[in-house]
Structures are given as C-alpha cells and as structure tokens.
Enquirer: 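Attaching a single structure in structure tokens format; questions to follow.
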Amino acid sequence: MTVTSLLEPFPYESADFHRCWHLYLSPKFRIDNRFGDFVLHRRSFLHNMLALKELRLSGWNNAWNQDLTAERIKDFRLLRDDWPWDYLRLQWSGLRDGVQAWDMLREPGYRPAVLPGDVEYAADLTGGMDAYMASIPYGGRRDFQKKFKKARALSPELVYLTDDSSGDSSGSSSMVDDFFGSYFHYHIPYWDEKAGYSYFNDPHERRFIVEWSRCLQASGQLELCALRLGDGIASLSMNIRIGPVIYWLLPINTGLHNEYFPGLISLYLQLQRAADMGVKLFNMGSGGYMYKRLSSNRQLRTYELVMPNPRSLRGRLYCHWLVRRLVRLRRETAVQD
C-alpha cells in the first residue's frame, strides 16, 4: 500500500473538526491565544503553583494524530516571536510522513526532538478477508473462529443505521442524536467502573462528538452501526470512512450477551464488510489491548515532536525532562511487548 493512497483527507485536519473543537472543547482549557490552527495553552503543574505555555495544534486532545504541514510552519514562524510560549508538542502518523515538514523547524536555536509515539493497530485488507485472516496471528484466527461459531446460535447481524431505504449508512441528524443517546448510556457507566471515569461524563465532550458526527454525516463519512444478537443490541460503534480507510473510533458493548464476546464479533463482521467494500486499511487506533494485538496484521508508527522555545529556560528544562521520560516509557513498553 502506498502512503499517498492514505494522505487526503484526514479526519482530524478538516475545518469542521477544528471548528467543533474550538466551539465545544476549547472552553475546557486555558487558551491564551489562537492563530490559525495553533493555540497557546497554559498548562498547570504542581497543584497550580507552576504554569508552562504549551504551543499545540487545536484539537490535540481528541485527534489521534495531526499534521505539521509547510503551511503550518509558515504560521509558526509568524507567531513564534510574538507569543511567549515555552515549548511545542504534537504527534503524527508514520503513514503521513510525506506531508510533514517538521524538519523546517531546524533553524538556529530551534532543536526539535522526534521520538517514537504510541503504536496504532490496523487490519490491512488489501488482499481481501481471506488474505487478512491468513496474515493475523494464529491466536487471533482461533479467537475469531471459535467465538463467531458460538455466537451463531444468536444469529449475529451487523446493522448500519439509516434514515431511509437508500442504503446511505451515514444516518440523519436525528439518527445521530438517537445513537449517541444510547451510546452515552452504555459508555459512561462502563468506563466509570473499569477506569474510574468516562470522559463522556463531561458535557463538553458529549456536545463535541455529537456535533462533529453531524458534520461527518453531512459529508457522507460517518458510519454508525449496531451488532444485534438474538433480539437485542449487544454492541455499538462509531466509525469514520474516508476513501480506502476506516477509522474505528468508538466501540462499546451494551452488556447484553457478554458471554458471546459481542465486541469481537462486531469487529469481525465490520472487517468482513470493509473488505467486501474494497477498504484497504481498518485503523483500530492505539492502546495495546490483547484483542487489537491479535486482530491486527499491521502496526502503524507514530511520532511525537517536542521542541522548547530557546528563549524559555523553563521550556528547555521541561523538554529535557519530558524527552528523558518519554524515552524511558517507550523502552519500558518495548520490553513489555
């Protein structure tokens, strides 16, 4: 698969994404300045006794990755001397190296550090479903086959929500509202119990994802699907479909028939459908859960850029500490893998 086939567009680079983020999520943060897609975020440490001014691309906390394009470098050059920033930080995907221009930052006094980031797990479907199944680890194949065989007793069916009979899988605006009404009902208690907190407890996050989904629906890029097992819904998923790529953003189980592993059944059926539709890459995102490891036949590199403002002593000291910490964490993760 060529890199260029996956370059444009990108879910987190659209005007709609940035507009929704600024409208619904930026009020959560201490944003001092905004110029283009850059924002100056005042980040607090040590119980608010210390604050550093972090230069970011808007939407950093909701985007899997972002692009540091030549156009954005031009914006950075315009603002860098006017804003009192301490350090710059962002992450991008190795699949999109061709559009990155971070090396243009290497000017007198500027020393960007580029480090390996989190791994994203993906299913490369270029050879179809049979080729994909043959390429994943034996444990993954056995898991799929064993659990899908068991679930046949409940007639698993993947339903793509529509507002008419045209086959348009994006759904209407009311369908988006109805879907997320159910989705939040299941997501919030599940992650409250599992991790201690669901970020959808925050009304800003709920409004953002609903409004952005409406924009994706209007452009035909949204997929909302439900796994039916027996006479009920056992799993829900929000995906983004752009050209040859599907981004698997928000899956959640409802708690129905958990003994049949509905999340894995839903993933298997979605992969099967994606392969039939000619999708080339099904991106499951980061997070080294075992099911992702066993279901992926491709690991996507990501990178993290950290760069201090040479005029900021606090920024230089913090970046030195941050780089050392990130390197240590990556090494520990590599050892665990």
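Owing to the predicted nature of the structure, the values given are computational and were not obtained by experimental measurement. Note that these values count all heavy atoms, side chains included, but never hydrogens, waters or copies made by symmetry.
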Enquirer: Please determine if K292 forms a cation-pi arrangement with Y121, meaning its NZ or CZ atom is less than 6.0 Å from the six-membered ring centre and no more than 45° off the ring axis.
Expert: no
Enquirer: I'd like a table of donor-acceptor pairs (distance under 3.5 Å, sequence neighbours excluded) in which one partner is a side-chain atom from residues 35-43, with atom names and distances.
Expert:
| unit_1 | atom_1 | unit_2 | atom_2 | d |
| --- | --- | --- | --- | --- |
| D37 | OD2 | R72 | NE | 3.3 |
| D37 | OD2 | R72 | NH2 | 2.8 |
| H41 | ND1 | E54 | OE1 | 3.0 |
| R42 | NE | D32 | OD2 | 3.2 |
| R42 | NH2 | D32 | OD2 | 2.8 |
| R43 | NH1 | Y318 | OH | 3.4 |

Enquirer: Look at D16 together with R19 and state whether they make a salt bridge at an N to O cut-off of under 4.0 Å.
Expert: yes
Enquirer: I'd like to check the salt bridge (Lys or Arg N to Asp or Glu O under 4.0 Å) partners of R77; sequence neighbours left out, ordered by chain and number.
Expert: E107
Enquirer: Are the aromatic ring centres of F148 and F144 under 6.0 angstrom apart?
Expert: no
Enquirer: In plain terms, say whether R316 and D86 are close enough for a salt bridge, that is, a side-chain N and a carboxylate O under 4.0 Å apart.
Expert: no
Enquirer: Identify, with sequence neighbours excluded, every residue that meets ring pair (Phe, Tyr, Trp, His ring centres under 6.0 Å) alongside F208.
Expert: F17, W212
Enquirer: Please check if the number of heavy atoms outside Y138 that lie under 6.0 Å from its OH is greater than 12.
Expert: no
Enquirer: Determine which pairs satisfy side chain to side chain donor-acceptor pair (under 3.5 Å) with at least one residue from residues 252-261, sequence neighbours left out, and list them in order.
Expert: S235-N253
Enquirer: Listed by chain and number, what are the side-chain hydrogen bond (donor to acceptor under 3.5 Å, both in side chains) partners of D178, not counting sequence neighbours?
Expert: none
Enquirer: Has R273 got its NZ or CZ under 6.0 Å from the middle of the six-membered ring of Y160, at an angle within 45 degrees of the ring axis?
Expert: yes
Enquirer: D202: which residues meet the side-chain hydrogen bond (donor to acceptor under 3.5 Å, both in side chains) condition with it, sequence neighbours left out?
Expert: K28, H204
